[in-house]
Number of protein chains: 2
Amino acid sequence: MPGPVQSIERAAAILRLLARGSGRLGVGEIAASLELAKGTAHGILRTLQGVGFVEQDRATGKYQLGAALLHLGSSYLDVNELRSRALNWADALAARSGEAVRIGTPLEGSVLVVHHVFRPDDTLQTLEVGALLPLHATALGKVLLAYDADLAARVQRGPLESFTRRTLVTAPALTRALAAVRDAGWAADVEECVPGEAGIAAPIRSSGGLVVGAIGISGAVERLCGARSRPDATLAGHVRDAARAVSRDLGAAR
Amino acid sequence: MPGPVQSIERAAAILRLLARGSGRLGVGEIAASLELAKGTAHGILRTLQGVGFVEQDRATGKYQLGAALLHLGSSYLDVNELRSRALNWADALAARSGEAVRIGTPLEGSVLVVHHVFRPDDTLQTLEVGALLPLHATALGKVLLAYDADLAARVQRGPLESFTRRTLVTAPALTRALAAVRDAGWAADVEECVPGEAGIAAPIRSSGGLVVGAIGISGAVERLCGARSRPDATLAGHVRDAARAVSRDLGAAR
DNA sequence: GACTCCGTTCGACAATGCCGACCGCGGCGC
DNA sequence: GCGCCGCGGTCGGCATTGTCGAACGGAGTC
């Protein structure tokens, strides 16, 4: 692997830092976080500012992410094959299930939401496209983990963050859950990420059979689950059908 | 201005190239477009791939934008003050006018859509957040041009692309239109960008009085315009009210 | 089967970006 | 009001770093 360009890696690190750290950061803070000389960080920031990837608050001198990134992000959506193939099926699934639909793909130890259909006939909901969800505490994430041993191993090495009292926080519990997912062909989470919310998801496979994403529904526990908090089998069937349809589309394209 | 880091500028150029050129590009094409050595382009691409900003199609070897950009883009939305202040007012405007609402800010000779509220109670619409619109052919863009002489001069130097037969394509026509916008305090476009579609927009000002964005509605000509294709005055009033409310919010925050 | 095209590798050169110390300024506290 | 401190920004020297161009290998094609 010849020459990973370090200035670009550093620039990317700065962008990620700005994305994580909610809000504006100063040159000093950035330099300290990344263990760079202040001057170095400044030079990179100026360049990023020049290309529109970061903006500077004239008043405070602090930096934040720039508008050009928004356009690049949305351009990614245009190109993303998983998303474009899944668009129609996601709408259909939302209509049939009456719940919000999300499509996720793995990104750096998280689930990246690449598509989101609001729950039909309902109130204000915030768009989650571009958001990162935890792998071990969502139905989407568990699907991705179940079919990617490598990813699963990496996640289990680190600590499993707890979001509610039902989050799976031990490696053995997660391993068992993933085995169950492989067995059933779909995954569920019941209040493991957000109290009162549940999700059901199934894998999307590309032509080679490789799992490249997941599609699932999420909503209130009462609607998604029957007695004893068991996910509704009919809904799970709809999710699986949608996932199969998308997979077929993806495979057929090649 | 010391040291604009060239490798980062080149990386940004590659990303923009991938965003423009719809679809996947090969190393050779990229290197040729940017007049770089193939090896150099390859090194940068490898680095961008490492940080998740580009992805490589295993089958063809070609490159496309990566998923990490989507997350950065959505993180930008979280930070963007213009958008967060405008969220509620945009919803209110959509409800009152019954039309789709968009909020735009200037970006590199275009209008970047930073927020989009669908037309209430309606069919499938595609989210346009992150999209770039022409400055001279949309109501949003004309507002931005009217209050930014610098930007207007730059746009008028270049050729004005024609989208419909009603697009303003000559500099004098545009200049007159912008004067009218300043006079009225709001702008409109009637089938200048998309046949059958019209738009009405008004400026959003920050604390200093500087125009930092625009908010507007868009929809079918029949609904937005009255007799003789003149924009409806009541709707224009709603748009202006919303713009003033957002401006007040922005100013008050400082 | 040979040709061509394309992504990838490699090594040498020097241009490049990095570093650390130095300015100017604004805010705070003494 | 004056001095101090912390901040973002600047500058120049050094060597690390990225760049270049040519050569490799595999896939698809005629």
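Residue numbers start from 1 in every chain, and the chains themselves are labelled A, B, ... in the order their sequence lines are given, proteins ahead of strands. Since this is a predicted model, take the numbers as computed values, not measurements.
Per the geometry, CD belonging to E9(A) stands 16 Å off P belonging to dG17(C), to the nearest Å. Protein atom CD1 of I14(A) is 15 Å distant from nucleotide atom P of dG17(C), rounded to whole Å. One interatomic measurement links the two molecules: CG of L45(A) to C1' of dC18(C), which rounds to 15 Å at whole-angstrom precision. Rounded to an integer number of Å, the gap from CD1 of I44(A) to C1' of dG18(D) is 14 Å. Going from atom CG of L34(A) over to atom C1' of dC19(C) covers 16 Å, rounded to whole Å. Between the CD atom of E29(A) and the P atom of dG6(D) there is a distance of 14 Å, rounded to whole Å.
Listed pair Y63(B) / dT8(C) meets the phosphate criterion, a side-chain N or O lying under 4.0 Å from OP1 or OP2. At dT8(C), one or more side-chain N or O atoms of H42(B) fall inside 4.0 Å of OP1 or OP2 (strictly under the cut-off). Side-chain N/O atoms of R46(B) include one lying less than 4.0 angstrom from OP1 or OP2 on dT9(C). Checking the phosphate oxygens (OP1, OP2) of dG18(D), no side-chain nitrogen or oxygen of R10(B) falls inside 4.0 Å.
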Walk along nucleotides 21-30 of chain D from 5' to 3' and tag each nucleotide B, S or - by protein heavy-atom contact under 4.0 Å, base first, then sugar-phosphate.
B---------

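Counting all heavy atoms, side chain and backbone alike, R205(A) lies closest to S247(A) at N-OG, 2.9 Å.
Distances from the side chain of Q6(A) to the nucleotides dG9(D), dC19(C), dC18(C) place dC18(C) closest. For L36(B), taking side-chain heavy atoms from C-beta onward, the closest of the listed nucleotides dG17(C), dC20(D), dC19(C) is dC20(D).
Mapping I8(A) and V27(A) onto DNA chain D via the closest heavy atom, the residue that lands nearer the 5' end is V27(A). If you find the closest nucleotide of DNA chain D to E35(B) and to G26(A), the one lying nearer the 5' end belongs to G26(A).
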Are V212(A) and T105(A) close enough, and set up right, to give a side chain to side chain contact (heavy atoms under 4.5 Å, CB included), and what steps lead you there?
CA-CA 6 Å; V212(A) 294; T105(A) 196; 5.6 Å; no

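Evaluated for a side chain to side chain donor-acceptor pair (under 3.5 Å) with R102(B), the options E128(B), H115(B), H116(B) yield exactly one hit, E128(B).
A distance of 11.5 Å separates CD1 of I103(A) from CG of L112(A), quoted to the nearest 0.5 Å.
Legend: residues meeting side chain to side chain contact (heavy atoms under 4.5 Å, CB included) with A137(A), ordered by chain and number and at least two apart, are P134(A), F163(A), T167(A), C193(A).
Looking at heavy-atom distances under 4.0 Å, Q56(A) makes contact with sugar-phosphate atoms alone, never a base.
Q64(B) is not listed as a side-chain neighbour of V54(B), based on a closest heavy-atom distance of 4.5 Å or more.
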Kindly list each side-chain donor-acceptor pair under 3.5 angstrom involving residues 145-155 of chain A, sequence neighbours excluded, with atom names and distances?
from: D148(A); atom 1: OD1; to: D150(A); atom 2: N; distance (Å): 3.2
from: D148(A); atom 1: OD1; to: L151(A); atom 2: N; distance (Å): 3.0

